Amino acid sequence: MLKIIFSSEDILRTRVAPAADPLWELVLSVHLLQGRGRDPLMTTWRRTVAHGLRSDTGAERYRLLLALNPPRGYFPDFLTPSASRDGFEAGLEAVRGTPADMLRRDLTLLASENPLPPSATALARGEPEMLHHLTEAMARYQSLAVTPYWTRVQAAVEADRARRARAMLDGGAEGLLASLRPSMRWGGGVLEVLDYPDTRELHLDGRGLLLVPSFFCSRTPVALVDPTLPPVLVYPVDRLGGLTPGGGAARDGGAGQSDALAALLGRTRASVLQAADEGCTTGEMARRLHISAAAASQHTTVLRNAGLLVSHRDRNTVLHTLTPLGRAVLES
């Protein structure tokens, strides 16, 4: 179990990342790809990505990247620098600029638990050519495994952020932390991450905590190992049906979605779409639009099937928020 120790100042400084973090999503997707779990929501994605990697004429380029990201246990902190919050390229630049002592420390720890290819030795020395080789593989992998599905990833993270914002409005920062159940438990100034693979404590010491919602994060939240780095906790979001054939950005113009969009014509559904702009439960939508809860549920189902909004159940309520596509349709 991981215990994160908060002071009053830390609680006030806790916040949620503004968007999906591209390097965290990349790294955690590699873990998911190689893992033994068989989440049915991700079966098509796994099959497609595995085929793409095998078919790549430079498939050997991924060997180091895959070795650095075993499906379970430790993986290097330097692969997910804080600079990636400024974008994918900024993150890769930070990886290329990783200090040699950090590379050596991280890779020594990884090698104590997992076999590494010979190229890891050159990487541990901080050789620029090997760092460029690694980031080129990361960029190529991103284009195959993450970028085609980025719209779906963003939609899931945005839906989770709306849920956390609502918890913050209702219960303050402590309400936000309490909303992280069931994988975490908040109480007495301590956030406990259940089923964490190691037993350790992380003292925030007034730095606060950045919560990073992640599509590709598996069941257990993830924290950096180095306690001197800015504290981050990456946690899984509802995958909203997974990366199904109709769920990727590369397939947004398919016939199935066109048929669904054709069903949107009508004043009431336009009003439902507008109501979901800032997040709205089914009951709130019914009251606001003066329709029955059953009608509100039916309209949100059509909009969700069209990829315009996402729905997240929390106990007895369902919160609806817009996807990026839904917002674009509303603004147009």
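Owing to the predicted nature of the structure, the values given are computational and were not obtained by experimental measurement.
Remark: E113 CD is packed, more than 12 non-hydrogen atoms of other residues, nucleotides or ligands lying under 6.0 Å away. Within 6.0 Å of NE2 on H51 lie no more than 12 heavy atoms contributed by other residues, nucleotides or ligands.
A salt bridge links E9 with R13: the distance from a Lys NZ or Arg NE/NH1/NH2 to an Asp or Glu carboxylate oxygen falls below 4.0 Å. We find that R161 and E158 are not joined by a salt bridge, their nearest charged nitrogen and carboxylate oxygen being 4.0 Å or further apart.
Residues P148 and Q142 come closest through the heavy atom pair CD-O, 4.2 Å. Between V237 and P213, the shortest heavy-atom contact is CG1-CB, 3.4 Å. Here the shortest heavy-atom pairing between R166 and T281 reads NH2-CG2, 3.8 Å. Looking at every heavy atom in both residues, A293 comes nearest to T282 through O-CG2, 3.7 Å. Taking every heavy atom of both residues into account, S214 and V234 meet most closely at CB-CG1, 3.5 Å. When all heavy atoms of L33 and A50 are compared, the pair lying nearest together is CD1-N, 4.3 Å.
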Requested in this report: Take E25 and Y149, measure what side-chain contact (heavy atoms from CB on, under 4.5 Å) needs, and give me the verdict at the end.
Outcome: CA-CA 11 Å; E25 296 295 351; Y149 309 96; over 6 Å; no
Requested in this report: Tell me, with the steps shown, if K3 and E201 meet salt bridge (charged side-chain N to carboxylate O under 4.0 Å, His left out).
Outcome: CA-CA 5 Å; K3 293 185 177 182; E201 292 185 353; 5.2 Å; no
**Report entry** CA sep, side-chain torsions, deciding dist, call: I11, W186, side-chain contact (heavy atoms from CB on, under 4.5 Å)
**Finding:** CA-CA 11 Å; I11 294 174; W186 168 254; 3.9 Å; yes
Query raised in the report: C280 and R288: side-chain contact (heavy atoms from CB on, under 4.5 Å), yes or no, with the steps?
Result: CA-CA 10 Å; C280 193; R288 185 179 302 180; 4.1 Å; yes
Query raised in the report: For R163 and D238, what are the C-alpha separation, side-chain angles and deciding distance, and is it a salt bridge (charged side-chain N to carboxylate O under 4.0 Å, His left out)?
Result: CA-CA 11 Å; R163 179 187 177 195; D238 188 325; over 6 Å; no
Report task. Given ring-ring contact (aromatic ring centres under 6.0 Å, His included), test F216 with W45 step by step and report yes or no. Result -> CA-CA 11 Å; F216 285 104; W45 172 82; 5.1 Å; yes
Query raised in the report: Going through the distances and angles, do R164 and D160 end up as a salt bridge (charged side-chain N to carboxylate O under 4.0 Å, His left out)?
Result: CA-CA 6 Å; R164 305 307 164 193; D160 186 85; 3.0 Å; yes
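In this structure H133 satisfies the ring-ring contact (aromatic ring centres under 6.0 Å, His included) test with no other residue, sequence neighbours excluded.
Checked by atom type, the side-chain pair D195/T220 shows no donor-acceptor distance below 3.5 Å. With no hydrogens or angles considered, a side-chain donor-acceptor pair links Y141 and S29 at under 3.5 Å. At a cut-off of 3.5 Å, with distance as the only test, no side-chain donor of R219 or S183 sits close to an acceptor on the other residue.
A heavy-atom distance below 4.5 Å is found between the side chains of F78 and L103. Residues L131 and L123 form a side-chain contact, since some pair of their non-hydrogen atoms from C-beta on lies under 4.5 Å apart. Contact of the Y74 side chain with the D106 side chain is registered, since non-hydrogen atoms from C-beta on lie closer than 4.5 Å.
In this structure a side-chain-to-backbone donor-acceptor pair under 3.5 Å is missing from N69 to H31. At distances below 3.5 Å, at least one donor-acceptor pair connects side-chain atoms of T300 with backbone N or O atoms of A296.
Of the listed residues (V30, V222, V225, L109), just one forms a side-chain contact (heavy atoms from CB on, under 4.5 Å) with F75, and that residue is V222.
Follow the hydrophobic side-chain contacts under 4.5 Å out from L79 and you reach M102 in the same cluster.
The CZ atom of F88 sits 8.5 Å away from the OG1 atom of T135 when rounded to the nearest 0.5 Å.
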